[in-house]
Amino acid sequence: MTDAESTRELIVKYLNHSCTEEELRKFLEMMKNSTASMPGLDSAARECWDSEPEEALTDEIYERYRKDALKLIRKHSFARQMKGRRLMPRRIAAAAASIALAAGAGYLIISNVLEERTARQLASYQTMETQPGQRRMVELPDGTQVTLNVASSIRYNARYGKDTRDVWLSGEAFFDVESDPECPFLIHAGDMDVKVTGTSFNVSAYPEDRQASVTVKSGKVAVSYGEDDVRMNLDPDEQLVIDTENQSIFRGNTSTSDATSWMQGKLTFRRQSLPEIMKMLRRYYSCDIELRDTTSKARLTGTHDNKSLESVLQSICFSSGLKYKKEGNKYIIY
């Protein structure tokens with residue numbers, strides 16, 4: 001994706017109210033840094049912007065600006081439309097003043113209204129999270145039930161349930177989605193998007209983990225991944241596992257109870273390496289743990305049912321031929 005395409009995608013997300021908090025801040029910073037230094041500012045848009053009186057940014061006004069600006073972007077001839085015009089209609093001018101020209105005309109002027117608007121969007125996000133060692137059940141505005149695993153978070157903006165049902169997940173969660181065929185439920189988790197209308201399924205997508213997975217309990221789930229736009233439809237008791245390091249994808253049948261055993265407080269390993277297991281232990285037990293032996297190629301499989309950390313460490317060391325000790329508040333495996 002070129003810089004121009006990346007910029008245009010960011011603009012469309014901003015106008016469409018689908019930016020993450022990070023993308024919103026990136027958009028605002030980009031506009032601030034670019035408008036003062038780029039020579040290609042459109043004088044007609046600048047004149048229209050400067051001539052516009054300040055007005056309160058109500059939801060109705062914002063929606064009007066958004067629709068007008070989206071029309072401009074979709075035409076792909078925005079620069080030509082601007083050429084030779086001294087004044088544009090007031091609504092188009094106000095909308096155009098908050099977006100960037102992706103076709104080489106540079107960036108339009110930014111004002112305090114843009115900053116206030118972005119701040120309002122940032123403030124509109126609702127975030128629910130769990131700490132290491134903590135699990136939590138939450139209910140979204142449409143009645144969808146979400147159970148968050150340890151060290152996880154989910155967020156959505158104030159427009160949730162109106163035009164879209166988009167949520168952003170970091171970590172792991174089980175979803176029991178309220179059915180609404182007219183308004184699909186969409187999860188954004190790193191480079192993976194999961195789309196459903198009404199079903200129950202588990203998504204694991206910790207940013208620090210090598211693997212991400214989707215496991216379906218009931219209904220149908222559509223998963224897309226990466227820039228190559230890999231798309232797969234999953235049925236009940238099917239699982240998709242994505243190795244984000246080597247970009248490999250595995251799809252197969254599985255026991256949903258294994259994938260959701262964490263909801264009963266169980267700790268399950270599935271042919272996982274010791275470094276991967278250390279990450280899990282830090283999250284599950286909220287502990288400081290260090291793996292000093294980096295030569296072991298052991299991959300462990302098994303379930304620990306509500307066991308203490310000491311008990312789990314004993315089992316891990318027995319299976320991998322290692323030892324552990326405690327120094328202060330820190331556990332060391334060697």
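Predicted model only: the values in this text are computed from it and were never measured.
- Summarising the geometry, atom CD belonging to E327 is positioned 8.5 Å from atom CD belonging to E290; distances are rounded to the nearest 0.5 Å.
- Neither L186 nor V138 shares a network with the other; the hydrophobic side chains, linked directly or stepwise wherever heavy atoms of I, L, V, M, F, W or Y lie under 4.5 Å apart, form separate groups for each.
- When only modelled atom types and interatomic distance are considered, Y324 and E310 share a side-chain donor-acceptor pair under 3.5 Å.
- Side-chain contact between N233 and K220 is absent, with no heavy atoms from C-beta onward closer than 4.5 Å.
- Linking Ile, Leu, Val, Met, Phe, Trp and Tyr residues whenever their side-chain heavy atoms come within less than 4.5 Å places L309 and I316 in a single cluster.
- Cluster annotation: M192 is connected to V146 through the hydrophobic network of ILVMFWY side chains, with a link wherever side-chain heavy atoms come within less than 4.5 Å.
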What do the steps show when you test F250 against L240 for side-chain contact (heavy atoms from CB on, under 4.5 Å), and what is the final call? CA-CA 6 Å; F250 171 79; L240 184 69; over 6 Å; no

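- Across every non-hydrogen atom of P236 and K217, the tightest pair is CB-O, 3.6 Å.
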Apply the test salt bridge (charged side-chain N to carboxylate O under 4.0 Å, His left out) to residues R210 and E276: give CA-CA distance (whole Å), side-chain angles for both, the deciding distance (0.1 Å), then the verdict. CA-CA 8 Å; R210 175 173 176 165; E276 292 169 335; 5.2 Å; no

Going through the checks in order, is the side-chain hydrogen bond (donor to acceptor under 3.5 Å, both in side chains) test met by Q126 and Y160? CA-CA 10 Å; Q126 299 292 324; Y160 178 91; over 6 Å; no

For the pair K279 and E208, evaluate salt bridge (charged side-chain N to carboxylate O under 4.0 Å, His left out) and give the outcome as yes or no after the intermediate values. CA-CA 8 Å; K279 294 176 186 176; E208 67 272 18; over 6 Å; no

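- Counting only heavy atoms from C-beta outward, the side chains of I333 and R292 never approach each other to under 4.5 Å.
- Linking ILVMFWY residues whenever their side-chain heavy atoms come closer than 4.5 Å, directly or via other members, leaves V241 and I277 in distinct clusters.
- The shortest side-chain heavy-atom distance between D193 and I187 does not fall under the 4.5 Å cut-off.
- The salt bridge (charged side-chain N to carboxylate O under 4.0 Å, His left out) analysis of residues 170-189, with sequence neighbours excluded, yields no pairs.
- Side-chain contact between T301 and F269 is absent, with no heavy atoms from C-beta onward closer than 4.5 Å.
- Across M280 and L267, no two heavy atoms sit closer than the pair CE-CD1, 3.6 Å.
- F175 and F201 have parallel rings, their planes meeting at less than 30° on a 0 to 90° scale where 60° marks the start of perpendicular.
- The main-chain N or O of M263 is never found under 3.5 Å from a side-chain atom of T260 such that the two would form a donor-acceptor pair.
- P207 places a side-chain heavy atom less than 4.5 Å from the side chain of S170.
- With values rounded to the nearest 0.5 angstrom, T127 atom OG1 is found 10.0 Å from I154 atom CD1.
- Closest of all the heavy-atom pairs between D293 and T295 is OD1-OG1, 2.7 Å.
- No single ILVMFWY cluster, assembled from side-chain heavy atoms under 4.5 Å apart, contains both L281 and I332.
- A donor-acceptor pair is defined here as one N or O able to donate and one able to accept, closer than 3.5 Å; such a pair exists between the side chain of R299 and the backbone of R271.
- S261 and Q264 share no side-chain donor-acceptor pair at under 3.5 Å.
- At least one side-chain heavy atom of Q145 sits less than 4.5 Å from a side-chain heavy atom of M137.
- The closest donor-acceptor contact from the side chain of S296 to the backbone of A298 lies under 3.5 Å.
- For the pair K325 and Y334, the cation sits on the ring face: its NZ or CZ lies under 6.0 Å from the ring centre, inside 45° of the axis.
- Of all heavy-atom pairs spanning E238 and N253, the tightest one is CG-OD1, 3.6 Å.
- Side-chain atoms of T130 never come within 3.5 Å of backbone atoms of R136 as a donor-acceptor pair (strictly under, hydrogens ignored).
- Side chain to side chain, T215 and Q239 meet the donor-acceptor criterion of an N or O pair below 3.5 Å.
- Expressed to the nearest 0.5 Å, how far CG of L148 lies from CD of E129 amounts to 9.5 Å.
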Any chance you could lay out the side-chain contact (heavy atoms from CB on, under 4.5 Å) test for F185 and D166, step after step, and finish with the verdict? CA-CA 6 Å; F185 185 85; D166 287 51; over 6 Å; no

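- In this structure, OG1 on T244 lies 14.5 Å from OH on Y206, to the nearest 0.5 angstrom.
- Closest heavy-atom contact between V216 and D235: CB-O, 3.4 Å.
- Counting only heavy atoms from C-beta outward, the side chains of N202 and W262 approach each other to under 4.5 Å.
- A distance-only check finds no donor-acceptor pair linking the side chain of D209 to the backbone of Q211 [under 3.5 Å].
- With hydrogens and angles disregarded, a donor-acceptor distance shorter than 3.5 Å links the side chain of R270 to the backbone of D258.
- Within the 3.5 Å criterion, the main-chain N or O of S213 finds no donor-acceptor partner in the side chain of S204.
- Panel note: side chain S319, backbone S315; a donor-acceptor pair is recorded below 3.5 Å.
- Considering every non-hydrogen atom in both P184 and P181, the closest pair reads CD-O, 4.2 Å.
- Between M232 and I249, some side-chain heavy-atom pair lies under the 4.5 Å cut-off.
- Cation-pi geometry between R165 and Y156 is not met at under 6.0 angstrom from the ring centre and within 45 degrees of the axis.
- Here the straight-line distance linking atom CG of L274 with atom CG of L322 works out to 6.0 Å at 0.5 Å rounding.
- Taking CZ of F174 as the reference point, atom OG1 of T147 lies at 7.0 Å (rounded to 0.5 Å).
- Other residues, nucleotides and ligands place no more than 12 heavy atoms under 6.0 Å from the NZ atom of K195.
- Side-chain contact check for Y284 and N149: at least one donor-acceptor pair (N or O, by modelled atom type) lies under 3.5 Å.
- The neighbour count for N329 CG, taken as heavy atoms of other residues, nucleotides or ligands under 6.0 Å away, does not exceed 12.
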